[in-house]
Structure formats: structure tokens, C-alpha cells
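Written below as C-alpha cells is the structure these notes are about.
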Amino acid sequence: MMQAQPNSFPPVPPTARIVILTGAGISQESGLETFRDPDGIWAKVRVEDVATPEAFARDPDRVHAFYNMRRARHRTSAVVPNAAHAALARLEREWPGDVLVVTQNVDSLHERAGTTKLIHMHGVHSQARCNGCGHVVPWDGDMSTANVCGGCGRAGGLRPHVVWFGEMPLEMSRIQEALSVCDLFISIGTSGNVYPAAGFVRLIRRIGQAHTVELNLEPSRGANLFAESCYGPASQIVPAYVDGLLNGA
Ligand code: BJW
């Protein structure tokens, strides 16, 4: 297993603006499945059947069943933030400069750990959106085609407020602005397969000046694009990396 070499890089100044991208790997030790690991979600169900607008148009009951199952899992008492989520919340609290977490995850583990400066670029399990009028509402339980939209009063159009393949991720201009001015970019628990998130490190190399770090279980697809890397379980390597930052390593 490769290890970080904290002394090989100059210390990050305390005024540095930090952007952190997270993916399914940070929530794996909280009891949530990743997508592309051998036992991940896409090993059990086809993307084309559940995670595209076409799938929802063709078979909304199937798509609802898939998300109802995952939403229910998120609600169980077994799924709680782990030490990696807690470390990022601590970094936001204690770092003198700006810290923004951009997550691809639709779970709520970052906010439950205490992170407040957070963008859910692929949406959230805890909201529904009307395909007809765009109205977004909080959503806790199961969703079905029988549900009526509180905005336009029509039934059948409510869908999970998540971003499927072929759809535009949320808050992209805010994310691109933060990436273009940040001094440190940390990518955690993402395989680097899905764009535009997978392209952030390349974007920074092109237009930004940030130091780039990958913290993951194993090298991602874009691992060679990062200046620094550390591999291991997020619950171990993220708190260690945050400790290093806060102690001026
Ligand atoms: C651990 C660990 C532990 C495990 N500790 N680590 C051809 C070329 C390029 C792009 C395209 C193309 N054809 C189509 C596209 C675009 C497409 C795309 O990227 N396709 C690729 C598959 C090729 N993208 C889109 O359509 C996106 N929209 C878009 O591009 O709009 C146009 C646009 C362009 C430019 C700017 C703006 C807009 C939308 C993508 C939507 C993705 N949606 C999903 C589902 C969300 C809802 C839900 O949850 O159901 O998002 S798919 C799924 O993948 C989910 C995730 O957020 C996303 C990323 O997955 P992630 O997080 O990386 O998970 P894994 O499983 O892949 O990786 C986990 C990692 O953790 C692994 O590395 C493990 O080793 C590690 N790990 N345990 C630390 N304990």
C-alpha cells in the first residue's frame, strides 16, 4: 500500500482555500455501498435500468423501488458518519481559510457530521423533484407514481432529486469558481470514472494553481494527475491528513 509522504511537500499556508471532492468511498465504512467496487451497486443493477431519465420514463416503478430501497438503508441507525466525515467537519471548523466540500454522494453523512459549506453536485436522497414543474420538496419515506406534486398538483411526475447520467450536475458554476481560485484540492473516495467530477483535477492543472491530493483506498483512474496521494481506508487516512494540515505539516 502506498503511503503519503507528508514531508515531501511544503506546508499548506493557513490562509489556503481548500476544495474537497468526495465520492462513495468516504461513506463505505458508514455501511453504504460504493458503485464500482466488485460488490458495488453497478455489479447488481444496470445503470441503464435505474439511473437515467430514459429509465424513469420507461419504468418509473422500477426506478422508485431502487431509490426507495437505498433511501430506507440511509435511514437505518446503522448508517452514521465515520471518522473521515468527522475530520472534514473539524477541518471546516478549525481551518482559518475557506473550506468547501463538493460531494457526489446523495447521502447526508457530511451534514450529519457537522459540515455546513457543502455542495451536493449529484443531488440528495432526502428531496423529491417534480418532472413537470421542477418543484423541490423534502422527502423522507418511499416515493411512487401515486404521489402528487405540491407545486402543480399533478401525480406521477415526482422523482428523486438526484442527477442521473445525461443530466447536468447541480451548482456547476459555483463549483468551477471555487476550483479556479482554490489553493488545495483534495479528492477522497472517488474512482474518477464519472464526469464532470473526474475532470476537476485536470481543470485545476489547466486553469488553477492548487496543490492536488488524492486520498483513496486505491489509485483512481486519474491518480497520475495528482501531485500527492495516500491510499488506505478513508476513516484512517482522512483524519491523519487533516491532523497534518491543522498541525502545519
Ligand atoms: C474507498 C473505500 C474506503 C472504497 N475508503 N476509499 C464519455 C466520456 C466522458 C464523459 C461522458 C462520456 N459519455 C457520457 C459522459 C458523461 C457522463 C459520464 O461521466 N459518463 C462516464 C461513465 C463515462 N456524465 C454525466 O452524464 C453527468 N452529467 C454531465 O456530464 O452533464 C454534462 C456536463 C458536462 C460538463 C460540465 C457540466 C455538465 C452526470 C453524472 C451523474 C452520475 N450519477 C450517479 C448516480 C447519482 C444518484 C445515485 O446515487 O443513485 O452518481 S452514478 C454514480 O457515480 C453516482 C456517483 O456520485 C458517481 C461517482 O461514483 P464514485 O463516488 O466515484 O463511486 P465509485 O464506486 O465509482 O468509486 C468509489 C471509490 O472509493 C473507489 O475508487 C474505491 O476504491 C474507493 N473506496 N472503499 C476510501 N473505505
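In this chain, numbering begins with 1 at the start of the sequence shown. When a ligand or atom number is given, it counts from 1 through the structure's own listing order. Predicted model, so just to flag it, every value in this text is computed and none were measured.
Proximity of A51 to ligand 1, defined as any heavy-atom pair under 4.0 Å, is not found for any part of the residue. By the criterion of a heavy-atom distance under 4.0 Å, neither the backbone nor the side chain of Y231 is placed next to ligand 1. Heavy atoms from both the backbone and the side chain of T34 come within less than 4.0 Å of ligand 1. At a 4.0 Å heavy-atom cut-off, ligand 1 touches E167 through the backbone alone. With a heavy-atom cut-off of 4.0 Å, T190 touches ligand 1 through backbone and side chain alike. For W164, every heavy-atom contact with ligand 1 shorter than 4.0 Å involves the backbone, none the side chain. Residue contacts with ligand 1 for A197 are absent, since no atom lies close enough (heavy atoms, distance under 4.0 Å).
In terms of protein heavy-atom proximity, atom 43 (N) of ligand 1 is closest to V163 O, 2.9 Å. Nearest to atom 23 (C) of ligand 1 among the protein's heavy atoms is N193 O, 4.0 Å. With respect to atom 64 (O) of ligand 1, the closest heavy atom belonging to the protein is A24 CB, 3.6 Å. Considering only non-hydrogen protein atoms, atom 33 (C) of ligand 1 sits nearest to M168 SD, 3.9 Å. The protein heavy atom nearest to atom 4 (C) of ligand 1 is D37 OD2, 3.3 Å. Among protein heavy atoms, the minimum distance from atom 70 (C) of ligand 1 is reached at G189 O, 3.5 Å. Looking at atom 59 (C) of ligand 1, its nearest protein heavy atom turns out to be Q104 OE1, 3.4 Å. Here the protein heavy atom with the shortest distance to atom 60 (O) of ligand 1 is R36 NH1, 3.0 Å.
Residue W42 has no N or O atom closer than 3.5 Å to an N or O atom of ligand 1. For ligand 1, none of its N or O atoms has an N or O atom of F66 under 3.5 Å away. Polar contact check, N105 against ligand 1: no nitrogen or oxygen pair lies under 3.5 Å apart. For ligand 1, one of its N or O atoms has an N or O atom of F35 under 3.5 Å away. For ligand 1, the polar-atom distance check against Q176 finds no nitrogen or oxygen pair separated by under 3.5 Å.
Judged purely by distance below 3.5 Å, without hydrogens or angles, the side chains of Q28 and T34 never pair a donor atom with an acceptor atom.
D49 has a carboxylate O that lies under 4.0 Å from a charged side-chain N of R46, or vice versa, which qualifies the two as a salt bridge. Salt bridge present: K44 and E33 bring a charged side-chain N and a carboxylate O closer than 4.0 Å.
Contact atoms of ligand 1 toward G166: 25 (C), 26 (O) (distance under 4.0 Å to a heavy atom of the residue). The E218 neighbourhood of ligand 1 comprises atoms 75 (O), with distances under 4.0 Å to a heavy atom of that residue. Of all atoms in ligand 1, numbered sequentially from 1 with element shown, those under 4.0 Å from a heavy atom of R70 are 48 (C), 49 (O), 50 (O). Every atom of ligand 1 with a heavy atom of E29 under 4.0 Å away is listed here by number and element: 3 (C), 5 (N), 80 (N). Near P233, the atoms of ligand 1 lying under 4.0 angstrom from a non-hydrogen atom of the residue are 5 (N). Set against the non-hydrogen atoms of Y67, the atoms of ligand 1 under 4.0 Å away are 47 (C), 48 (C), 50 (O). Every atom of ligand 1 is numbered from 1 in the order shown, and the set under 4.0 Å from a heavy atom of G23 is 62 (O). Of all atoms in ligand 1, listed by their number and element, those nearer than 4.0 Å to a heavy atom of V106 are 47 (C), 49 (O).
For the pair A178 and L100, the tightest heavy-atom approach, listed with the atom from each and the gap, is CB-CD2, 3.7 Å. The two residues L170 and H120 come nearest to each other via the heavy atoms CD1-O, 3.7 Å.
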Could you give the side-chain donor-acceptor pairs of residues 128-140 under 3.5 Å, partners two or more places apart or in another chain?
unit_1	atom_1	unit_2	atom_2	d
R129	NH1	H161	ND1	2.8
W139	NE1	G141	O	3.4
W139	NE1	D142	O	3.0

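Note on ring orientation: taking the six-membered ring where Trp is involved, the planes of H110 and H85 are perpendicular (angle over 60°, cut-offs 30° and 60°). The aromatic rings of F35 and W42 are tilted relative to each other, their planes meeting at an angle between 30° and 60°. By the 30° and 60° cut-offs, the orientation of the rings of F200 relative to F185 is perpendicular.
Ligand 1 does not have S220 within reach: every non-hydrogen atom of the residue lies 4.0 Å or more from it. At least one heavy atom of P169 sits closer than 4.0 Å to an atom of ligand 1. Residue contacts with ligand 1: H125 is excluded, as none of its non-hydrogen atoms falls under 4.0 Å.
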Inset, instruction - Give the C-alpha distance, both sets of side-chain angles, the deciding distance and a yes or no for side-chain hydrogen bond (donor to acceptor under 3.5 Å, both in side chains) between N82 and S235. - result: CA-CA 6 Å; N82 65 52; S235 67; 5.7 Å; no

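Screening residues 147-160 for side-chain hydrogen bond (donor to acceptor under 3.5 Å, both in side chains) gives R159-E167 as the qualifying pairs, with residues at least two apart or on separate chains.
Annotation: R202, atom CZ; neighbour count of heavy atoms from other residues, nucleotides and ligands within 6.0 Å does not exceed 12.
One distance of note links CZ of R93 with OG1 of T115; it measures 8.5 Å at 0.5 Å rounding.
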